[in-house]
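Throughout, protein chains are lettered first and strands after them, A, B, ... in sequence-line order, and every chain is numbered starting at 1.
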There are 2 protein chains.
Amino acid sequence: MSGQAQEKSAQESAQRVYAVMRRLVLEADDRKQRVAEALGMSFSRAKALRLLAEGPLRMRELTSRLMTDKPYTTLVVDDLEGRGFVVRSLDPDDRRCKVVTLTEAGREAAARATGILTTPPAELAALPPEDLADLDRILGKLH
Amino acid sequence: MSGQAQEKSAQESAQRVYAVMRRLVLEADDRKQRVAEALGMSFSRAKALRLLAEGPLRMRELTSRLMTDKPYTTLVVDDLEGRGFVVRSLDPDDRRCKVVTLTEAGREAAARATGILTTPPAELAALPPEDLADLDRILGKLH
DNA sequence: GCTTATCGTTGTAGTGCTATAACTGTTACA
DNA sequence: TGTAACAGTTATAGCACTACAACGATAAGC
């Protein structure tokens with residue numbers, strides 16, 4: 001096979017591979033809904049919880065990480081605070097800022113969401129262990 | 001390695017693999033937006049166009065494939081028809097039904113959307129050809 | 001032929017998110 | 001010290017999508 005033909009076939013492979021990945025992950029459209037149902041809140045709230053599970057954030061940081069705007073962040077945090085999943089506290093270093101921190105209940109909810117979102121589809125998990133090891137090795141190269 | 005340990009490690013692999021897939025595909029959140037911008041319409045319209053690119057559908061079928069309800073399908077098709085991307089015609093076999101068919105312009109728009117959505121991320125396409133061939137072979141087993 | 005069901009349409013209401021402006025309290029800087 | 005900038009909140013309006021009820025036209029079944 002010529003170099004060009006090899007390159008072409010590699011790009012076709014990439015396209016097929018990406019199509020399968022899309023199918024596997026977009027079955028996750030359904031998962032967003034499952035998370036929303038499991039936690040009794042819209043998915044964007046769950047997303048905020050999962051972000052905060054990595055550590056407390058100022059409102060401003062949360063806004064930027066959620067790719068939203070300040071007023072909506074206020075709304076989301078109001079809601080999460082009302083449910084007892086987060087607390088707001090003043091940042092001692094800058095009294096303009098408020099720091100949002102997960103409560104224990106919030107941490108549990110975030111973990112539940114993460115569990116639902118990160119569990120691989122049965123189809124994928126059912127591949128032979130050698131195949132999974134190969135996928136793991138190859139995709140591990142990406143960062 | 002014992003059978004149990006092997007099984008455990010396989011499931012851990014699956015989880016890591018799925019996490020990478022999620023990251024690659026959900027970079028596609030951005031792609032939905034890019035499609036919407038490129039076509040100047042909301043993503044759900046583009047989804048309808050892509051469905052119709054496989055062949056004409058009755059309103060009822062479109063509703064079911066888009067997982068939406070009848071009134072919204074009417075709205076979407078009204079919009080697409082107004083843009084000259086689809087035409088409605090009476091189904092000769094059942095005069096209650098209307099068949100929605102892509103126009104040439106609609107076909108082009110659908111192709112543009114598909115191009116944006118199915119192009120593999122550069123990161124993935126840049127893997128060595130052997131790796132892409134392996135991924136292709138393994139993921140090809142899934143259906 | 002009459003009833004029942006289906007297809008598409010219209011209308012209305014509600015949800016979740018986005019966008020913008022205005023305001024308060026706090027900080028930074030000239 | 002006075003001015004500008006920033007963090008967060010409130011209020012308002014709009015968009016995309018969902019959900020439900022009702023209607024006319026057509027088809028199917030008894």
Q) Which part of the nucleic acid, if any, lies within reach of Thr63(A) when heavy atoms closer than 4.0 Å are counted: base, sugar-phosphate only, or nothing? A) nothing

**Q.** Whole-Å distance separating the CZ atom of Arg60(A) from the P atom of dG8(D)
**A.** 8 Å

Q: Assign Asp94(B) to base, sugar-phosphate, or nothing according to its heavy-atom contacts below 4.0 angstrom with the strands shown.
A: sugar-phosphate

Q: Send over the distance from Tyr72(A) OH to dT10(D) C1', rounded to a whole Å.
A: 16 Å

Q. Which of residues 85-92 of chain B sit near DNA chain C, with a heavy atom under 4.0 Å from it?
A. Arg88(B)

**Q.** Within-4.5 Å side-chain heavy-atom neighbours: Met59(B) and Val77(B)
**A.** yes

Q. From dA7(D), dT9(D), dT18(D), pick the nucleotide closest to the side chain of Met59(A)?
A. dT9(D)

Q: Find the distance Leu75(B):CG to dC17(D):P and express it as a whole number of Å.
A: 9 Å

Q) Which part of the nucleic acid, if any, lies within reach of Ser44(B) when heavy atoms closer than 4.0 Å are counted: base, sugar-phosphate only, or nothing? A) sugar-phosphate

**Q.** Smallest separation among heavy atoms of Tyr18(A) and Leu117(B), with atom names
**A.** CE2-O, 3.4 Å

Q) So do Arg112(B) and Val35(B) actually touch side chain to side chain, heavy atoms under 4.5 Å? A) no

Q. Do the side-chain N or O atoms of Arg96(B) get closer than 4.0 angstrom to the phosphate oxygens (OP1, OP2) of dT26(D)?
A. no

Q. Roughly, in whole Å, what's the span from CG in Leu66(B) to C1' in dA16(D)?
A. 14 Å

Q) Contact class for Thr68(B) (heavy atom, under 4.0 Å): base, sugar-phosphate, or nothing? A) sugar-phosphate

**Q.** Nearest heavy atoms of Ala113(B) and Arg50(B), plus distance in Å
**A.** CB-CD, 3.9 Å

Q. Just checking Lys98(A): base, sugar-phosphate only, or nothing, at a heavy-atom cut-off of under 4.0 Å?
A. sugar-phosphate

Q: Locate the shortest heavy-atom distance separating Ala36(B) from Phe43(B); write the atom from each residue and the value.
A: CB-N, 4.2 Å

Q) Would you call Leu139(B) and Leu142(B) a side-chain contact if the rule is heavy atoms closer than 4.5 Å? A) yes

**Q.** Interatomic distance where CG belongs to Leu57(A) and P belongs to dG8(D) [whole Å]
**A.** 11 Å

Q: Specify the separation, in whole Å, of atom CG of Leu62(A) and atom P of dT9(D).
A: 11 Å

For residues 123-132 of chain B, which side-chain N or O atoms pair as donor and acceptor with protein atoms under 3.5 Å away, sequence neighbours left out?
from      : atom 1 : to        : atom 2 : distance (Å)
Glu123(B) : OE2    : Arg23(B)  : NH2    : 3.3
Asp131(B) : OD2    : Lys141(A) : NZ     : 2.5

**Q.** Shortest non-hydrogen separation from Glu27(B) to Pro121(B) and the atoms involved
**A.** OE1-CG, 3.8 Å

Q.
Distance check needed: dA16(D) C1' versus Arg45(B) CZ, whole Å only.
A. 8 Å

(Q) Nearest heavy atom decides the nucleotide; on that basis, is Ser42(A) or Asp93(A) closer to the 5' end of DNA chain C? (A) Ser42(A)

Q. Can you tell if the side chain of Glu81(A) reaches within under 4.5 Å of the side chain of Thr103(A), non-hydrogen atoms only?
A. no

Q. Closest approach of Ala105(A) and Gly84(A), non-hydrogen atoms and distance?
A. CB-O, 4.0 Å

**Q.** Boundaries of the chain A footprint along DNA chain C (any atom under 4.0 Å from a heavy atom)
**A.** dC17(C) to dT27(C)

Q: Round to the nearest Å and state the distance from Asp69(A) atom CG to dA13(D) atom P.
A: 17 Å

